[in-house]
Each structure stands twice: as C-alpha cells, then as structure tokens.
2 protein chains.
Amino acid sequence: MEYPRNKPAKARSGIIALLREHGITPTQQRVEIGHILFARAQHVSAELVLERARQGSSMVSKATVYNTLGLFADKGLIREVIVDPIKRFYDTNLAPHHHIYHTDTGMLEDVDAADIKMECLPDLPQGTEVEGVDVIIRVRHTDR
Amino acid sequence: MEYPRNKPAKARSGIIALLREHGITPTQQRVEIGHILFARAQHVSAELVLERARQGSSMVSKATVYNTLGLFADKGLIREVIVDPIKRFYDTNLAPHHHIYHTDTGMLEDVDAADIKMECLPDLPQGTEVEGVDVIIRVRHTDR
DNA sequence: TTGGGTGCAAACTATTTGCATTCGA
DNA sequence: TCGAATGCAAATAGTTTGCACCCAA
C-alpha cells in the first residue's frame with residue numbers, strides 16, 4: 001500500500017483509514033503527524049515534523065514524534081533514509097527510488113529507480129536476504 | 001594515495017610518513033590512532049578506536065579520537081561510511097567499493113565496485129558535481 | 001477492573017566545543 | 001619559543017526509555 005505522489009493532502013478521515021489498514025491505532029497525535037507527512041511527497045526530519053505539529057492545533061511531544069515516525073517506518077507507511085550522519089530523514093515517497101544528497105545544503109532529492117540500472121549484484125552472504133538497496137549520489141555545488 | 005589491503009601493519013615510521021604526505025602533523029596520539037586504523041583494512045567506530053587506544057600504551061582522550069578520525073577523513077586517509085543512524089563508521093579501505101550492511105548484527109562488508117555496474121546515472125542538478133556514489137545493500141539473516 | 005497501548009519528561013548516547021595546558025618543530 | 005594539538009569537561013543534539021495515565025474488553 002503506497003501513498004501516491006502529487007496528490008492533494010489526505011483528509012483526516014483518509015489518514016485514519018490508512019493507519020487502520022496498517023494496524024496502527026489512530027490517535028489524535030498520530031493522525032496529526034500523518035496529516036503533516038502525507039500532505040505531499042517529501043523528506044522530513046523529526047525536528048521538522050515537531051515544528052509543524054506545534055504550529056498546528058494539537059499538542060504533540062518530541063518523544064511522540066520520534067516514536068510515531070519510527071512506528072510508521074516499521075509499518076511501512078514511510079521510509080527511513082540514512083544519508084546524514086547527524087539525523088535521520090523520512091521519505092513519504094514509497095515508490096522504488098534512490099537519492100541525490102546535497103552535502104552542502106542537506107537537501108535530498110529523489111531519483112526514480114528506473115533511472116539507475118544496477119547490474120550483477122554480488123553474491124549475498126549465506127543465509128541472508130536483501131532488505132533493501134540504497135543508492136546515494138552525493139553532490140556538492142561546484143565552486144566558481 | 002591509498003593504503004593497500006591485506007598488508008602487515010605499517011610501522012610507526014611509515015605512519016608518520018603517511019601523515020606528513022597528507023599534510024598532517026604527526027603527533028603521538030595521531031600516530032597511535034593511525035597505527036590502530038592501518039593495522040588492516042577494517043571498519044571501525046570512534047568507540048572502538050578509543051577502546052583500542054586505551055589498551056595500548058599512549059594516552060588518548062575521547063575528544064581527540066573524534067577529532068582525529070574527522071581530520072583523517074577530511075584529508076582522505078580514511079572514508080566515512082554512513083549506514084547506521086546512530087553511529088559513524090570509518091573505512092580504511094580506500095579502493096572504490098560499496099557495502100553490504102547486516103542490519104541485525106551491525107556488521108559491514110565490502111563489495112568491490114567492479115561487482116556492481118551502474119548504468120545511466122541520472123542528470124545531475126545544474127551547478128553540482130558528484131562527490132561520491134554510495135551503494136548500500138542492507139541484508140538480514142533469513143528466519144528459519 | 002485491568003492490561004496493553006500511549007504520551008511525555010527525563011535520561012541517555014554520540015559527538016562537538018571552549019579553554020587551559022602541553023607538545024612538536 | 002610559540003602556534004598548534006591535546007585533554008578534560010561541559011554543552012549540544014538526536015534519540016530512547018520509564019512510568020503515569022487512559023481506554024477498550
């Protein structure tokens with residue numbers, strides 16, 4: 001189940017349904033956070049979600065933001081992206097894709113998986129299975 | 001300048017020369033840390049380096065370990081690897097390669113770059129240049 | 001009522017920083 | 001000698017945990 005890109009923000013009722021489909025009890029805070037996340041395809045940090053939640057109506061604590069993002073990621077509603085050594089990003093785009101990371105600005109961009117062809121993945125170690133393959137293209141602004 | 005794999009540990013004099021070649025003043029602590037790092041191709045965390053340094057003869061503080069690892073990475077002696085959201089790893093293997101990350105054990109394995117062919121990298125954003133491309137294959141042990 | 005689920009403050013961990021001291025050239 | 005490097009401690013930032021509270025069964 002995947003949240004489509006470039007769609008208008010889901011209504012709260014839609015978010016409640018989405019949470020239920022994923023086996024998550026919809027609480028006020030989770031719905032609020034869902035509303036922030038699924039407004040559009042985006043890359044967010046916990047800090048940003050917290051900031052937006054505080055601008056909104058509901059009370060949400062910092063710990064709840066972290067716990068909820070972790071829960072959503074576990075349940076497959078969002079995808080954790082590890083590119084920055086100091087903070088985690090969460091990606092609401094669940095379509096197969098990779099990332100361009102601007103090391104000087106911290107900006108993260110999506111690259112459709114179809115635009116990168118990987119051939120001959122090496123043999124996996126015995127008794128393991130692939131959980132995911134991340135490709136991160138690190139770019140910086142050219143000095144001029 | 002690249003440290004070759006599978007070679008016996010560099011003598012301290014060799015490490016001093018290596019640091020000088022990279023424009024790093026060789027101090028007692030830096031040489032000690034270099035000695036730990038370049039004993040063999042490996043993936044280390046700051047914590048592990050600190051632990052090993054304390055087992056050895058020299059006094060090295062935590063802050064110095066962090067600062068030195070950062071310095072070595074800046075100067076291209078080691079490579080920072082971002083796979084784990086909670087800690088950084090440093091890789092003493094500078095040959096072009098990618099990683100297999102065992103999400104359940106935290107183990108990191110090298111994959112020769114030649115074993116992964118990437119085709120048609122997407123167009124880069126205007127005014128940027130590639131700093132590096134990381135491929136991380138996340139694997140887990142299959143349940144049986 | 002009651003036991004698991006939830007939310008929050010406080011705790012914790014990895015990392016960085018400021019500054020007095022020491023070291024290397 | 002003297003600027004650079006170190007060590008310590010405290011600060012910081014991101015994240016996790018312990019526990020009181022709440023709600024459905």
Side-chain angles (χ1 to χ4, degrees), chain A residues 15-16 19-20 22-36 43-54 56-75 77-78 80-91 103 106 108, chain B residues 12-13 15-36 43-54 56-75 77-78 80-90 103 106 108:
Chain A
I15 289 176
I16 291 173
L19 297 184
R20 288 225 167 87
H22 286 262
I24 298 172
T25 309
T27 65
Q28 199 183 42
Q29 287 82 348
R30 288 172 177 179
V31 172
E32 174 66 25
I33 291 169
H35 199 252
I36 291 165
H43 304 106
V44 294
S45 60
E47 188 191 13
L48 184 69
V49 172
L50 181 62
E51 191 186 303
R52 292 205 185 139
R54 286 189 168 155
S57 42
S58 312
M59 276 306 304
V60 186
S61 74
K62 188 189 264 204
T64 298
V65 169
Y66 278 96
N67 292 339
T68 302
L69 288 172
L71 179 70
F72 284 9
D74 280 351
K75 299 291 187 179
L77 274 160
I78 55 180
E80 190 179 8
V81 183
I82 301 168
V83 280
D84 186 309
I86 66 163
K87 67 166 68 155
R88 299 174 196 206
F89 284 95
Y90 292 92
D91 193 340
T103 52
L108 202 50
Chain B
R12 283 180 202 255
S13 60
I15 290 175
I16 292 174
L18 185 67
L19 297 184
R20 287 224 167 88
E21 282 163 30
H22 287 262
I24 299 171
T25 307
T27 65
Q28 200 183 43
Q29 286 83 348
R30 289 171 177 177
V31 173
E32 175 66 25
I33 291 170
H35 198 251
I36 291 165
H43 304 107
V44 294
S45 61
E47 188 192 14
L48 184 68
V49 172
L50 181 61
E51 190 185 303
R52 291 204 186 141
R54 285 188 167 155
S57 42
S58 312
M59 276 306 305
V60 185
S61 76
K62 187 190 266 203
T64 298
V65 168
Y66 278 97
N67 293 338
T68 301
L69 289 172
L71 177 71
F72 283 10
D74 280 351
K75 299 291 187 177
L77 273 160
I78 55 180
E80 192 179 355
V81 183
I82 301 168
V83 280
D84 186 310
I86 66 161
K87 67 166 69 155
R88 298 174 196 207
F89 283 94
Y90 292 92
T103 53
L108 201 51

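A, B, ... follow the sequence lines: proteins, then strands. Residue 1 opens every chain. These numbers were taken from a predicted model, which means no experiment stands behind them.
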For nucleotides 16-25 of chain D, just jot down a letter per nucleotide in 5' to 3' order: B, S or -, based on protein non-hydrogen atoms under 4.0 Å. BB--------

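Just one residue in the list A:L77, A:T25, A:L71 forms a side chain to side chain contact (heavy atoms under 4.5 Å, CB included) with A:L19, and that residue is A:L77.
Separation of atoms CG (B:D84) and CD1 (A:I82) is listed at 7.0 Å; rounding is to 0.5 Å. Taking CG of B:L69 as the reference point, atom CG of B:D74 lies at 11.0 Å (rounded to 0.5 Å). Atoms CG and CD1, on B:L48 and B:I36 in that order, are 8.5 Å from each other to the nearest 0.5 Å. Atom CD1 of B:I86 and atom CZ of A:R88 lie 7.5 Å apart (nearest 0.5 Å). The CD atom of B:E21 lies 12.0 Å from the CD1 atom of B:I16; values are rounded to the nearest 0.5 Å.
Residue contacts for B:T25: at a heavy-atom cut-off of 4.0 Å it reaches the sugar-phosphate backbone alone, with no base atom in range.
Residue B:R54 contributes atom CZ, which lies 11 Å from atom C1' of D:dG7 at whole-angstrom precision. In this entry the distance linking CD1 of B:I33 with P of D:dA5 reads 13 Å, nearest Å. Across the protein-nucleic acid pair, B:R30 atom CZ and D:dG7 atom C1' stand 14 Å apart, rounded to whole Å.
The 5' end of DNA chain C is approached more closely, in terms of each residue's nearest nucleotide, by B:E47 than by the other of B:R20 and B:E47. Taking for each of A:P85 and B:Q28 the nucleotide of DNA chain C with the nearest heavy atom, the 5'-most of the two is the partner of A:P85.
Shown here is A:E80, whose CD atom has more than 12 heavy atoms of other residues, nucleotides or ligands within 6.0 Å.
A sub-4.0 Å separation between OP1 or OP2 of D:dA4 and a side-chain N or O of B:T27 is absent. An OP1 or OP2 oxygen of D:dG7 is reached within less than 4.0 angstrom by a side-chain nitrogen or oxygen of B:Q29.
Among pairs with a residue in residues 24-34 of chain A, those fulfilling salt bridge (charged side-chain N to carboxylate O under 4.0 Å, His left out) read A:R12-A:E32, at least two apart in sequence or across chains.
When DNA chain C is scanned 5' to 3' for any atom under 4.0 Å from a heavy atom of chain B, the first and last hits are C:dA14 to C:dA25.
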Could you go through the side chain to side chain contact (heavy atoms under 4.5 Å, CB included) check for B:T103 and B:V83 one step at a time? CA-CA 9 Å; B:T103 53; B:V83 280; over 6 Å; no

